[in-house]
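Here's the structure, in structure tokens; my notes come after.
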Amino acid sequence: MRAFGYDIGELVVAHVLLALVPVLVGLVIALPLGWWAHRSPGARRVLVPLSGALYTIPSLALIVFIPILVGTPILSPLNVGLTLVIYTVALLVRSVAEALDAVPVTVTTAAVAVGYQPSGLFFGVQLPLAVPVLTAGIRVASVSAFSLVTVGALVGVQSLGTLMTDGFQQAYPAMVAAGIIGSIVLAFVFDALWLALGRALTPWVRARTGV
Amino acid sequence: MIEFRDVGKRFADGTVGLESLSLTAREGEITVLVGPSGCGKTTSLRTVNRMVEPTSGSVLLQGRDVAEGDPALLRRGIGYVIQQAGLFPHRRVLDNVATVPVLQGLPRKEARARAAEVLERVGLDEAMAQRWPAQLSGGQQQRVGVARALAGDAPVLLMDEPFSAVDPVVRVELQDELLRLQADLGKTILFVTHDIDEAIRLGDRVAVLRVGGRLAQFAPPDELLAHPADEFVSGFVGRDRGYRRLGFVPATALKLTELPTRANGDTAGPAVPGEWTVLLDGAERPAAWLGPDGARHELGSVYVTEGADAASEAAGTLRGALDAALSSPAGRGVAVDREGRFRGGVAPDDVLALLRPDPVP
């Protein structure tokens with residue numbers, strides 16, 4: 001589908017990949033960090049405020065500084081991706097720690113007592129039970145990523161944000177509006193997908209007492 | 001057999017969980033650790049499966065020091081039942097019970113078959129197997145907890161206040177269930193509770209602990225009640241221990257009296273004018289009292305002349321006899337055999353006569 005001189009389908013795919021992949025990568029990084037914060041009060045006192053502070057760095061500043069810090073080409077989509085990974089980690093470390101805190105101690109105690117190794121305990125018991133709280137955190141990170149991707153357009157990284165920057169330069173409000181509405185719709189669609197995934201993974205949450 | 005040898009535990013913050021505990025839980029018996037909170041009973045239980053590592057002394061399980069080897073492997077060979085069951089909320093009942101067999105390396109299908117057997121054993125029907133733990137009552141959850149501990153076929157069970165979160169009626173049911181299972185399975189059970197009644201009911205031997213894990217007395221329940229070692233133990237076993245103790249005294253010498261009987265539904269009046277008559281159903285089981293006035297009355301509690309099952313003692317206990325005699329509206333109790341068939345009457349005076357000189361040898 002072409003509009004405003006762009007292949008909209010291509011922009012949507014770029015937008016989704018650029019938002020989704022960093023969320024997944026960020027989640028993978030946040031899991032061990034959050035687990036550490038959950039385990040050790042000392043680690044928590046450092047990790048949670050530190051990750052909170054990361055989130056306060058302006059996105060444009062990160063996108064511009066990352067090439068200087070890691071040596072990526074200045075116009076690489078990787079700069080936007082890394083920025084979003086940092087924001088996701090910043091949001092999720094606390095979420096993961098709190099999601100693991102929410103797992104009842106009797107359950108983890110029982111798991112240790114029946115003979116789970118630490119890895120089995122994490123993947124077999126703690127992580128599945130952390131899903132409800134964790135999903136809430138991932139949804140915030142995802143919505144945030146889908147909106148921040150558009151900032152990349154300022155440094156020439158294509159996404160639906162490109163419609164906003166170009167539309168602004170060409171004084172073409174319909175194009176700007178298309179970019180805004182498109183990115184909001186995508187954010188909502190993926191938010192709904194995360195919600196559905198979280199529900200699919202937790203059928204026991206809706207099990208009623210006394211059925 | 002579980003052997004504690006001078007086991008001590010000093011926590012990182014300096015508090016003493018256990019001073020130096022030495023005791024042996026015998027093979028095939030229920031050994032109960034009882035005491036006030038802070039007496040280290042849970043700590044001692046947890047040194048057996050190394051959820052707590054002692055700072056001194058050692059714990060031997062079937063003669064082997066538990067400190068050797070991988071703690072997770074050790075734990076798969078020890079059943080563990082926790083307060084409030086600690087079921088995995090994200091697994092259906094069947095898979096909760098199959099947990100240990102799966103960890104032991106059994107294919108999932110076989111593990112589930114094993115789990116289904118064990119669930120039946122603890123009296124939960126098949127319909128329960130596919131439920132989520134949140135869909136069960138507290139008592140049912142606790143049964144599943146017991147089933148999960150049994151599914152690994154471990155010879156040793158650790159039970160940490162397993163029944164304290166359920167209401168008293170269900171608690172007694174679960175205790176009976178445990179005794180019934182134990183009569184079949186003969187596990188070596190270490191059972192922790194703060195409830196002295198539970199300890200006395202379940203324990204083959206009861207260890208009373210004081211704060212700091214110091215052993216105040218370690219004895220079979222009847223001995224604990226008859227001869228408390230000191231003030232602490234007698235205070236802990238409580239004021240009505242005399243009555244509790246009757247639950248351990250067989251009423252072998254109790255002679256049953258004759259009582260007039262009549263078939264239930266017979267519209268004629270009392271069998272003997274002016275006397276209470278026992279109405280019997282078709283299987284000779286007492287159904288109600290017929291008063292001298294011709295009105296029907298509740299039976300009250302009955303005295304079962306034999307132990308609860310063939311394995312236990314031949315005579316009922318003095319406590320059962322006294323309960324029956326005192327709860328009957330007729331001034332004498334009704335005695336039945338194990339199948340519930342009418343055997344005779346229990347006169348309060350006869351029970352009291354047995355109590356007067358100390359009936360305990």
Side-chain angles (χ1 to χ4, degrees), chain A residues 31 35 38-44 95-96 98-138 194-211, chain B residues 42 45-46 48-52 70-93 95-105 127-128 130-138 140-141 144-145 148-149 151-152 154 157-162 165:
Chain A
L31 281 175
W35 176 81
H38 160 73
R39 282 286 296 245
S40 145
R44 193 189 204 100
S95 273
V96 171
E98 284 173 357
L100 293 174
D101 294 345
V103 178
V105 180
T106 49
V107 174
T108 47
T109 305
V112 171
V114 298
Y116 272 102
Q117 301 280 10
S119 60
L121 174 68
F122 181 74
F123 289 107
V125 179
Q126 290 178 296
L127 192 56
L129 291 175
V131 165
V133 178
L134 196 53
T135 309
I138 293 175
W194 283 115
L195 181 65
L197 180 66
R199 285 175 70 97
L201 289 174
T202 57
W204 74 89
V205 171
R206 287 169 302 285
R208 291 276 164 80
T209 14
V211 167
Chain B
T42 295
L45 189 79
R46 290 185 173 186
V48 178
N49 71 353
R50 294 181 62 188
M51 288 174 69
V52 170
D70 182 343
L73 296 182
L74 169 78
R75 290 170 194 148
R76 289 173 201 172
I78 301 174
Y80 194 96
V81 189
I82 195 175
Q83 193 176 359
Q84 293 167 333
L87 299 181
F88 303 127
H90 62 305
R91 296 206 186 128
R92 292 180 191 272
V93 165
D95 286 322
N96 259 283
V97 178
T99 303
V100 178
V102 167
L103 285 173
Q104 287 169 338
M128 295 282 173
Q130 291 308 319
R131 291 197 186 169
W132 299 107
Q135 295 172 316
L136 305 184
S137 70
Q140 288 168 335
Q141 289 190 21
V144 176
R148 184 173 64 185
L157 290 188
L158 305 178
M159 307 184 84
D160 188 1
E161 306 240 4

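Below, chains carry the letters A, B, ... as their sequence lines are ordered, and counting in each starts from 1. The model shown is predicted, which means the values in this text are computed figures rather than measured ones. Worth knowing before you read on, the calculation uses all heavy atoms, side chains too, and leaves out hydrogens, waters and symmetry mates.
Separating the CG atom in B:Asp70 from the CD atom in A:Gln117 is a distance of 4.5 Å, to the nearest 0.5 Å. The CD atom of B:Gln135 lies 13.5 Å from the CH2 atom of A:Trp204; values are rounded to the nearest 0.5 Å. With rounding to the nearest 0.5 angstrom, the OG1 atom of A:Thr106 is 9.0 Å from the CD atom of B:Gln83.
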Candidate pair A:Val112 and B:Arg46, rule side-chain contact (heavy atoms from CB on, under 4.5 Å), full reasoning: CA-CA 11 Å; A:Val112 171; B:Arg46 290 185 173 186; over 6 Å; no
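Interface summary for chain A: among B:Gln84, B:Arg91, B:Gln104, the most heavy-atom pairs under 4.5 angstrom belong to B:Arg91. Taking chain B as the reference chain and counting heavy-atom pairs below 4.5 Å, the highest number among A:Val105, A:Val107, A:Val103 is found for A:Val107. With chain A as the partner, the residue from B:Gly79, B:Pro89, B:Gly86 showing the most heavy-atom pairs under 4.5 Å is B:Pro89. Contact count versus chain B (heavy atoms, under 4.5 Å) is highest, among A:Pro118, A:Gly124, A:Gly120, for A:Gly124. For the set A:Ala111, A:Pro104, A:Gly115, the entry with the most heavy-atom pairs within less than 4.5 Å of chain B is A:Gly115.
Identified by a heavy-atom distance below 4.5 Å to chain B, the contributing residues of residues 128-137 of chain A are A:Pro128, A:Leu129, in residue-number order.
Annotation for A:Ala113 and B:Arg75: closest pair O-CB, 3.3 Å, computed over non-hydrogen atoms.
Under the 4.5 Å side-chain criterion, counting only non-hydrogen atoms from C-beta, B:His90 is not in contact with A:Leu201. Two residues are said to be in side-chain contact when any heavy atoms from C-beta on lie closer than 4.5 Å; A:Val114 and B:Arg148 meet this criterion.
When heavy atoms are compared at a cutoff of 4.5 Å, B:Leu158 does not approach chain A at all. With a threshold of 4.5 angstrom between heavy atoms, A:Pro203 approaches chain B through its backbone and through its side chain.
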